[in-house]
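Please read the structure below before turning to the comments.
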Amino acid sequence: MDYNFIEVEKKWREKWAEEKTYKTLNESEKPKCYVLDMFPYPSGAGLHVGHPLGYIASDIYARFKKLKGFNVLHPMGYDAFGLPAEQYAIQTGQHPKITTDANLARYREQLDKIGFSFDWDREIRTCEPEYYKWTQWIFAQLFKSWYNNQSQKAESIDNLIMIFENEGNASVDAACAETPIFTAQEWASKTEKEQSDILLNYRLAYLSESMVNWCPALGTVLANDEVINGLSERGGHPVERKLMLQWSLRISAYAERLLQGLEEIDWTDSLKEMQRNWIGKSTGASLKFKIQNSKLDLEVFTTRPDTIFGVSFMVIAPEHEYVDELTSEEQKATVEEYVTNAKNKSERERMADVKNVTGVFTGSYAIHPFTGKEIPIWIGDYVLAGYGTGAVMAVAAHDSRDYAFAKQFNLPILPVIEGGNIEEEAYEAKSGIMINSDFLDGLKVKQAMKTAIWKIESEGLGKGKTNYRLRDAIFGRQRYWGEPIPMYFENGIPKLLDESKYPLTLPEVDEYLPTEDGDPPLGRAKDWKPENGDHYELSTMPGWAGSSWYYLRYMDPQNVGTFASREATDYWNQVDLYIGGTEHATGHLLYSRFWCKVLFDLGHIGFEEPFKKLINQGMILGTSNFAYRVNGTNKFVSKGLKNQYDTTPVHVDVNIVKNDELDIEAFKAWRADFANAEFELENGKYICGEEVEKMSKSKFNVVNPDDIVSEHGADVLRLYEMFLGPLEQAKPWSTKGIDGVSRFIRKFWNLYHDADGNFSVSEGEGSKEEMKVLHTLIKKVQEDVENFSFNTSVSAFMVCVNELQKLKCNKKAVLRELAIVVSPYAPFIAEELWSKLGEKGSVTNALFPEFKPSFLVESSHTYPISFNGKMRFKLEFPLDMDKAEIEKEVLAHKDSQKWLEGKAPKKIIVVPKKIVNIVV
RNA sequence: GCGGGUGUGGUGAAAUUGGUAGACACGCUAGACUUAGGAUCUAGUGCUUCACGGCAUGGGGGUUCGAGUCCCUUCACCCGCACCA
């Protein structure tokens, strides 16, 4: 009788749910292990086979760790706030909660089928008030904090207020917006509004007039990581720059710590590199240039202070605040035209225009701080307003962009470093000897940098400075379906809603659109007013708010008194293994690290990096199938014949193609216009063409995990997804080869059953042969799981089962262990066999069998051996020979010709390694 | 342009990290059994040669007794970032 996976899987699914087999407690004698998946956003399309890849890998790891005696936390939940549900709400009027709940139920159903060991009692949904109450609370902590550069951490805003009251802000070294110096007396004489505004310059969550990414189509602002190539990440709508009053988080304060923290976590190099890139640290100097006939100073940031004598002009961004002051009468018209033009360009147009060098002269001159020469000041759109000071000192000889600008407008190019071919291109290398540079002449570039900074500082012209590309994160969204920001306004002053009133729940609205006055949708809410203020903040939090701390809530999900008890966060501590896609590199993964550090600084948790180890699973691509329609007809020709006709490839639903062969009847039934199609076959078959593309509904190449589960069973899906190739590699989905895994499951089942299909195992020890096979597997699986090399384990299972089959092994002692070893990968069948073996409880709670090396080796062992301090031999000796004997044996044969003939020891491999001693 | 990665049979891929390249699986070929099935089992399957053998890890060079693995160079593809001063 064959293995009936439908019955067996149903049985255990129900039993696991009923008995809460995978419930995890916060108290245990065992060591802890926290295995986490990036929780999904439940979209309307449901899961496709790509989604579970990471979940299966983490589930195998979690189950394995459980078998190894760890108390494992392996939870799942949903990132439930988000744009698609809201867009749907706008179109249909259906409340996003309803859409979300329906999607969520479908996700849960699909997840359940695959047999994950999630503790569903810890499920969280970011859109539930019980959850976002604490998201709001964390926002409040950010609002109530400032970043002290002296102590290098976030501190309570109350401390800062005390400092202001006692001594003003002169001695405060904070990560803050530019704020004029004031004394204690001046502070005391300020109005409430003035004080509030100043404090906003310091708070980690602050309201400010700032340049934002505005997406008119979505009607909201977006954070930098949500904008890709000038288009919104969601929906691909154009994004423009706009000045708006906005909530932001001061993540820039943490730039250095976010950079340093990367050193201590185990992530892939490429991911760390992406974050480093995003943080964009660069060191150099900021210095002020005096402006001729003006009191103004023009401040610039440069990474090349060594080239100070090569400055031949200055360039400021079209948005620079001094544009008007610096523009002379005669240049006024030209400048205005240029600036207006630049402002009207969308971000995307500006990017597309990179190769066009444009700019205008302002008519003003700066004074070189060392030579006193006049330097013309230009406006150019290659200078970005948002980076550094929005102004540069142009060194045409040693910067390719300045060089291009100089060439375009015929400005001087002054080389100050020997080398390169200045006639052709800028010499940008940071090496060489300084020339034409007064006190820097003769120095090497590296020295010249230090000397220049020293000189700049000692003359009071500026100072050495580190700049970061990382911008503060825009936090408000003019949308409905998100967490309300717990703030209200009273006489125009933003005030934090008292924490006793959290959650500030999302009010009902009649429509999910902005109001006529242009307020966000929350402006439509009736009777939604604070007790003593004018109105609540109307924007909501961005999608990444809830996901920035969810890993903490899983530790203590039902806690009503706090986001998670300190005991719980201390016990579970960091996430030991985090699996998810690489697309969150500069969003979720950066914000989570930021929030973690803030919570750490404020003493709420005891660690400052959330995810100790992170693995990115590769994307699963779709394999699209094509049929070839002869143009102008309803006739389709098989792939091999398509070149004999004039054909057009047509996407075919991959679910009606099996191993490249089209199911013609299903094809006819698939779409009405194909019902009468004719076919020209090859060898009686219609063969389809194929191509690898991203999985998408429109390409008819979406494969649903449910289909695989109902056809082959969940265990096969799990094993097959792992068997597909290395976890981290992107790979096309293909069901070629799934039969191999299916066959394995059958063989595995048959090991425990006789020819008639009756359960049949025998008592007694396994033979030496059998134990060797088993322990080879145990060793292999152990290594594979620890190295996340799940694909080779599946091969090892196959080898093991084949060999046991050959040995006709049906010993309980062997088969019992085998079931345990396979169980992380194929839990359903393992559980069934476990119970058939008469074992108590779930296989989940068994102990992973110990690897016993003596069974691995039959009669000999290979020893690497050094020889004359130069060569190494690998010799095989009988197992029972001890080290001293081997040593004696080797030395005795040291000069023997026999070695070269391969006669004395079994095998000689010459290895030129400097190994001195015999190694066993 | 900068950064990261990959390249091995017809296909997905292994290779104890410098030691018998291609485990395992798909596919294919032949055979067996048969209540004809998308079942099971057995054998074969990198290329080349009748054979002995020779050649094979994108290409070229190097280090080494020995290289898929290390170094240099070159090509191809994938993924990030991109006027960041």
Side-chain angles (χ1 to χ4, degrees), chain A residues 2 228-229 268-282 284-286 300-305 307 311 314-315 317 350-351 353-357 380-395 398-402 404-405 428 467-471 582-583 585-586 616 618-619 621 658-661 692 711 719-720 723-726 728-744 746-747 750 779-780 783 789 791-802 805 862 864 870-874 900 907-913:
Chain A
D2 268 357
I228 292 160
N229 289 332
T268 59
D269 287 339
S270 71
L271 199 70
K272 285 186 185 182
E273 201 54 37
M274 273 189 232
Q275 291 213 342
R276 282 194 198 104
N277 227 310
W278 191 258
I279 295 168
K281 178 179 185 174
S282 53
S286 96
V300 301
F301 172 74
T302 179
T303 56
R304 300 295 303 272
T307 61
V311 178
M314 316 279 288
V315 187
R350 196 162 152 168
M351 272 189 235
D353 236 17
V354 166
K355 288 195 183 79
N356 281 338
V357 180
D381 70 357
Y382 81 94
V383 176
L384 303 175
Y387 183 76
T389 60
V392 302
M393 53 174 236
V395 182
H398 304 291
D399 181 286
S400 59
R401 297 151 303 175
D402 297 344
F405 198 82
E428 294 187 290
N467 222 344
Y468 299 91
R469 196 145 66 207
L470 185 66
R471 298 271 74 98
T582 182
E583 66 272 17
T586 52
N616 299 118
M619 200 190 337
L621 302 162
K658 201 112 228 179
N659 292 339
D660 287 342
E661 189 189 345
V692 173
E711 196 174 346
L719 286 163
Y720 186 61
F723 184 69
L724 226 40
E728 301 181 69
Q729 203 171 88
K731 48 204 164 254
W733 174 261
S734 136
T735 47
K736 284 179 189 168
I738 201 164
D739 293 341
V741 174
S742 228
R743 214 164 284 155
F744 158 73
R746 228 171 299 145
K747 285 184 191 173
N750 288 339
K779 179 171 191 255
K780 178 78 178 137
E783 287 169 357
S789 166
N791 53 331
T792 49
S793 288
V794 183
S795 295
F797 292 146
M798 292 178 181
V799 173
C800 178
V801 166
N802 280 340
Q805 193 181 45
T862 308
K870 191 180 161 198
M871 291 191 180
R872 193 173 104 195
F873 298 94
K874 273 190 182 173
L900 300 173
K907 203 182 197 174
I908 301 179
I909 304 161
V910 188
V911 178
K913 267 220 166 167

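Every chain is numbered from 1 and lettered A, B, ... according to where its sequence line falls, protein lines coming before strand lines.
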[X] side-chain proximity, nearest of [options]:
| X | options | result |
| --- | --- | --- |
| A/Asp739 | B/G27, B/C24, B/A13 | B/G27 |
| A/Tyr382 | B/C83, B/A25, B/A13 | B/C83 |
| A/Tyr387 | B/A14, B/A85, B/A23 | B/A85 |
| A/Pro726 | B/A13, B/A85, B/C26 | B/A13 |

So which nucleotide does [N] pair with, by the Watson-Crick or G-U wobble rule with both distances under 3.5 Å?
| N | answer |
| --- | --- |
| B/U35 | none |
| B/A43 | B/U29 |
| B/C52 | none |
| B/U17 | none |
| B/U63 | none |
| B/A76 | B/U6 |
| B/G1 | B/C81 |

Tabulated below should be each protein N or O lying under 3.5 Å from an N or O of nucleotides 2-10 of chain B; please produce it.
none

Backbone N/O of [Y] and side chain of [X]: donor-acceptor pair under 3.5 Å:
| X | Y | result |
| --- | --- | --- |
| A/Lys731 | A/Gln729 | yes |
| A/Arg304 | A/Val395 | no |
| A/Arg469 | A/Tyr387 | no |

side-chain contact (heavy atoms from CB on, under 4.5 Å) with A/Leu719: of A/Val741, A/Ile738, A/Leu724, only one passes, and it is A/Val741
Between A/Gly380 and A/Phe405, the two heavy atoms sitting closest are CA-CE1, 4.3 Å
All heavy atoms of A/Ala585 vs all of A/Met274, minimum pair found to be CB-SD, 3.5 Å
Side-chain N or O of [X] less than 4.0 angstrom from OP1 or OP2 on [N]?
| X | N | answer |
| --- | --- | --- |
| A/Asn791 | B/A14 | yes |
| A/Ser282 | B/A85 | yes |
| A/Arg276 | B/G80 | no |

Can you tell me how far [atom1] in [N] sits from the matching atom in [M], rounded to whole Å?
| N | M | atom1 | value |
| --- | --- | --- | --- |
| B/A51 | B/G46 | P | 14 Å |
| B/C52 | B/G38 | P | 40 Å |
| B/U16 | B/C26 | C1' | 26 Å |
| B/U48 | B/G12 | C1' | 26 Å |
| B/A30 | B/U20 | C1' | 29 Å |

Taking for A/Lys747 and for A/Val794 the nucleotide of RNA chain B with the nearest heavy atom, the one nearer the 5' end belongs to A/Val794
By nearest-heavy-atom nucleotide on RNA chain B, the more 5' of A/Gln805 and A/Gly725 is A/Gly725
Per the glycosidic torsion and the 90° limit around 0, nucleotide B/U17 is syn
With syn meaning chi within 90° of zero and anything else anti, the base of B/G46 is anti
